[in-house]
Enquirer: 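Structure in structure tokens, see below.
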Protein chains: 2
Amino acid sequence: MADHAAKQALFDALAESAKALANGRRAELIDVLMQGERSVEDLALEIDQTVANTSQHLQRLLRAGLVRTRRDGTRIFYDLSSPLVSTLWRTMRRVAEAHVEGLERLATAYVGDRSGLDTMTRDQLRERLRAGDVVVLDVRPPAEYAAGHIRGAVSVPLGDLRARLRDIDSGARVVAYCRGSYCVYADEAVRLLTAAGRDAARLEDGFPEWASARLPVERGV
Amino acid sequence: MADHAAKQALFDALAESAKALANGRRAELIDVLMQGERSVEDLALEIDQTVANTSQHLQRLLRAGLVRTRRDGTRIFYDLSSPLVSTLWRTMRRVAEAHVEGLERLATAYVGDRSGLDTMTRDQLRERLRAGDVVVLDVRPPAEYAAGHIRGAVSVPLGDLRARLRDIDSGARVVAYCRGSYCVYADEAVRLLTAAGRDAARLEDGFPEWASARLPVERGV
DNA sequence: GTCATATTCAAGGACTCCATTGAATATTTG
DNA sequence: CAAATATTCAATGGAGTCCTTGAATATGAC
């Protein structure tokens with residue numbers, strides 16, 4: 001049969017993309033990059049690491065081919081190299097959710113108690129959008145909204161929500177969404193809205209899942 | 001905002017399944033297990049490692065929840081814990097194929113030159129099966145055939161093929177398949193059949209892809 | 001109970017990974 | 001050209017990974 005060395009080299013190479021994702025910080029990076037390209041410094045803030053360390057992780061992802069770079073003046077923007085990478089990370093998450101022991105406990109330790117929050121699935125939101133009786137709020141940072149958002153959604157970054165409460169039709173049902181199920185922006189938004197007497201719910205997952213399900217999206221401001 | 005430690009712990013946990021797959025030998029193990037459950041010794045032979053080392057890799061996969069075990073007398077059989085794991089490994093392979101540098105070179109170094117081999121896609125084979133004008137050979141070990149095979153396929157382990165040539169209708173078009181595109185059994189079979197003057201081709205991928213595409217399968221002898 | 005077989009455990013050395021630190025490089029601004 | 005900013009590089013210590021080796025454990029056969 002074929003020689004063992006060649007087989008091992010092949011499977012070592014096939015495992016390369018897993019190695020690139022086999023680190024919590026790099027997983028966080030991929031997760032953020034699913035919302036669109038980012039500069040190194042920005043990513044470092046996002047994952048609470050030094051710029052030097054973040055840069056090294058990014059280069060590791062680059063060597064594995066999972067991300068690509070673009071220079072703009074003095075800044076370098078990293079982005080996922082293809083939608084396949086989103087798919088891989090999403091699959092990885094699903095497998096972890098199904099099989100990694102104690103994950104649920106860690107998730108609630110991070111996102112807190114969600115039992116008081118009303119939620120809505122993608123399908124439910126799609127129905128309401130079709131009916132037109134819902135206000136959809138994108139509570140992510142403006143740059144992420146600009147890079148792509150649910151069609152018809154309004155950009156209201158979490159920090160601006162309180163000030164802009166009066167702009168939101170007080171009779172309407174409000175649905176907030178953000179980066180995904182492990183993102184707490186939408187939770188905060190729903191709590192604030194509910195406390196203000198509004199009828200609010202969060203989308204169960206986030207924009208990447210909406211987009212990858214090929215539901216209607218828009219770009220720009 | 002939420003504390004960094006909890007977020008890091010969560011993403012470390014999400015990266016656990018990636019860590020489990022982040023090794024060539026463990027990748028080989030998952031790849032073999034996609035054909036069905038196996039004993040430790042059997043798996044060790046398959047990946048050319050000592051039993052002790054194989055056992056440790058298997059336990060790592062077990063801790064990550066990707067595989068499960070079943071005891072039968074003195075033997076312990078390992079199996080994938082869910083079809084999700086197959087999906088993950090298949091996705092990882094696709095990403096590596098698309099993004100890992102030099103993978104193609106390593107693949108041909110292992111499987112050899114396939115330019116002389118006639119191939120057939122899943123869709124083409126499905127058509128021919130519908131028309132009924134094709135003989136399909138499963139050239140994997142008998143245990144893998146028994147665990148599941150393409151409906152209508154005949155089990156002809158590679159080692160038995162030469163002896164059983166006379167049993168194969170000499171006028172028919174023959175399609176051989178095995179574990180997948182990185183498996184060389186079907187290549188060998190097609191070369192042998194072609195050399196014997198038969199009209200032979202290999203299925204581009206293998207049984208797991210056929211099954212996960214929900215095409216007709218059978219189990220048993 | 002003893003033996004054979006299959007698997008796991010435990011310890012060690014070589015290697016790689018990770019976060020930190022401080023310096024080096026590249027680009028824009030003035 | 002000098003200064004400021006953004007990113008990368010290089011070196012370090014500590015932790016984790018991987019394979020090897022030899023011993024320990026568990027089950028079934030006799």
Side-chain angles (χ1 to χ4, degrees), chain A residues 4-5 7-9 11-30 32-33 37-64 66-79 143, chain B residues 4-5 7-9 11-30 32-33 37-64 66-79 143:
Chain A
H4 309 154
K7 186 181 183 188
Q8 298 200 349
F11 277 83
D12 284 347
L14 287 170
E16 273 307 309
S17 27
K19 280 187 192 157
L21 284 170
N23 173 275
R25 252 33 65 220
R26 290 197 292 274
E28 285 189 64
L29 288 171
I30 295 288
V32 175
L33 289 175
E37 64 170 16
R38 290 299 185 88
S39 71
V40 178
E41 193 177 15
D42 206 358
L43 287 165
L45 277 170
E46 200 74 63
I47 69 167
D48 298 305
Q49 297 288 310
T50 63
V51 171
N53 193 24
T54 304
S55 172
Q56 309 208 93
H57 278 308
L58 286 167
Q59 283 171 76
R60 188 112 209 269
L61 292 171
L62 190 63
R63 258 178 282 134
L66 301 192
V67 302
R68 61 185 169 194
T69 60
R70 171 178 82 79
R71 174 152 227 151
D72 180 17
T74 152
R75 246 177 288 220
I76 292 184
F77 287 88
Y78 280 80
D79 198 2
Chain B
H4 308 153
K7 186 181 183 188
Q8 298 201 349
F11 277 84
D12 284 347
L14 287 171
E16 274 307 308
S17 25
K19 280 187 192 159
L21 283 169
N23 173 274
R25 250 35 63 220
R26 289 197 291 273
E28 285 189 66
L29 288 172
I30 296 288
V32 175
L33 289 175
E37 64 171 15
R38 290 299 185 88
S39 71
V40 178
E41 193 177 16
D42 206 359
L43 287 165
L45 276 172
E46 199 76 63
I47 68 168
D48 298 304
Q49 297 288 312
T50 63
V51 171
N53 193 23
T54 304
S55 172
Q56 307 205 98
H57 279 307
L58 286 168
Q59 282 171 78
R60 188 109 209 268
L61 291 170
L62 190 63
R63 259 179 282 135
L66 302 192
V67 301
R68 60 185 169 193
T69 60
R70 172 177 81 80
R71 174 152 227 152
D72 180 17
T74 152
R75 246 176 286 221
I76 293 184
F77 287 89
Y78 280 80
D79 198 1

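Lettering follows sequence order; numbering is per chain, from 1. Owing to the predicted nature of the structure, the values given are computational and were not obtained by experimental measurement.
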Enquirer: For C/dT20, does the base pair up with any side-chain atom of A/Gln56 as donor and acceptor (N or O, under 3.5 Å, distance only)?
Expert: yes

Enquirer: Between A/Arg26 (side chain) and A/Ala20 (backbone), is there a donor-acceptor pair under 3.5 Å?
Expert: yes

Enquirer: Could you state the atom-to-atom distance from CG of A/Asn53 to C1' of D/dA10 in whole Å?
Expert: 14 Å

Enquirer: Any donor-acceptor pair under 3.5 Å linking the side chain of A/Gln59 with the backbone of A/Ser55?
Expert: yes

Enquirer: Show the nearest heavy-atom pair for residues B/Ile30 and B/Leu21, with the distance to one decimal.
Expert: CG1-CD2, 3.6 Å

Enquirer: Can you tell me if A/Tyr78 touches the phosphate of D/dT8, counting only side-chain N or O atoms and a distance under 4.0 Å to OP1 or OP2?
Expert: yes

Enquirer: Starting at atom CD of B/Gln59, determine the distance to atom P of D/dT17, rounded to an integer number of angstrom.
Expert: 14 Å

Enquirer: Can you identify which nucleotide, out of D/dT5, C/dA19, C/dT8, has its nearest atom closest to the B/Val40 side chain?
Expert: C/dT8

Enquirer: Let me spell it out: for each of A/Ala52 and B/Ala52, pick the nucleotide of DNA chain C with the closest heavy atom. Which residue's pick is nearer the 5' end?
Expert: B/Ala52

Enquirer: Looking at the side chain of A/Ile76, which of C/dT7, D/dT8, D/dA6 is the nearest nucleotide?
Expert: D/dT8

Enquirer: Taking atom P of C/dT8 as reference, at what distance in whole Å does atom CG of B/Leu62 sit?
Expert: 9 Å

Enquirer: Rounded to whole Å, please give me the gap between CG in A/Asn23 and P in D/dG16.
Expert: 13 Å

Enquirer: Are OP1 or OP2 of C/dT7 and a side-chain N or O of B/Arg71 less than 4.0 angstrom apart?
Expert: no

Enquirer: Hey, is the side chain of A/Ser55 poking within less than 4.0 Å of OP1 or OP2 on D/dT8, counting only N and O atoms?
Expert: yes

Enquirer: Please report the distance, rounded to the nearest Å, between CG in B/Asp42 and C1' in C/dA6.
Expert: 12 Å

Enquirer: Is the backbone of B/Gly73 close enough, under 3.5 Å, to the side chain of B/Arg71 for a donor and an acceptor to pair up by distance?
Expert: yes

Enquirer: Nearest whole Å is fine: how far is C/dA26 P from A/Asp72 CG?
Expert: 18 Å

Enquirer: Would you please confirm or rule out a distance under 4.0 Å between OP1 or OP2 of D/dG28 and any side-chain N or O of B/Arg75?
Expert: no

Enquirer: Measure the distance from CZ on B/Arg60 to C1' on C/dT8 and round it to the nearest whole Å.
Expert: 17 Å

Enquirer: Are A/Arg25 and A/Gln56 packed together at the side-chain level, in the sense that at least one heavy-atom pair is separated by less than 4.5 angstrom?
Expert: no

Enquirer: Would you please confirm or rule out a distance under 4.0 Å between OP1 or OP2 of D/dC19 and any side-chain N or O of B/His57?
Expert: yes

Enquirer: Does B/Arg25 make a side-chain N or O approach to OP1 or OP2 of D/dT17 shorter than 4.0 Å?
Expert: no

Enquirer: Over how many whole Å does the gap from B/Leu58 atom CG to D/dC19 atom C1' extend?
Expert: 15 Å

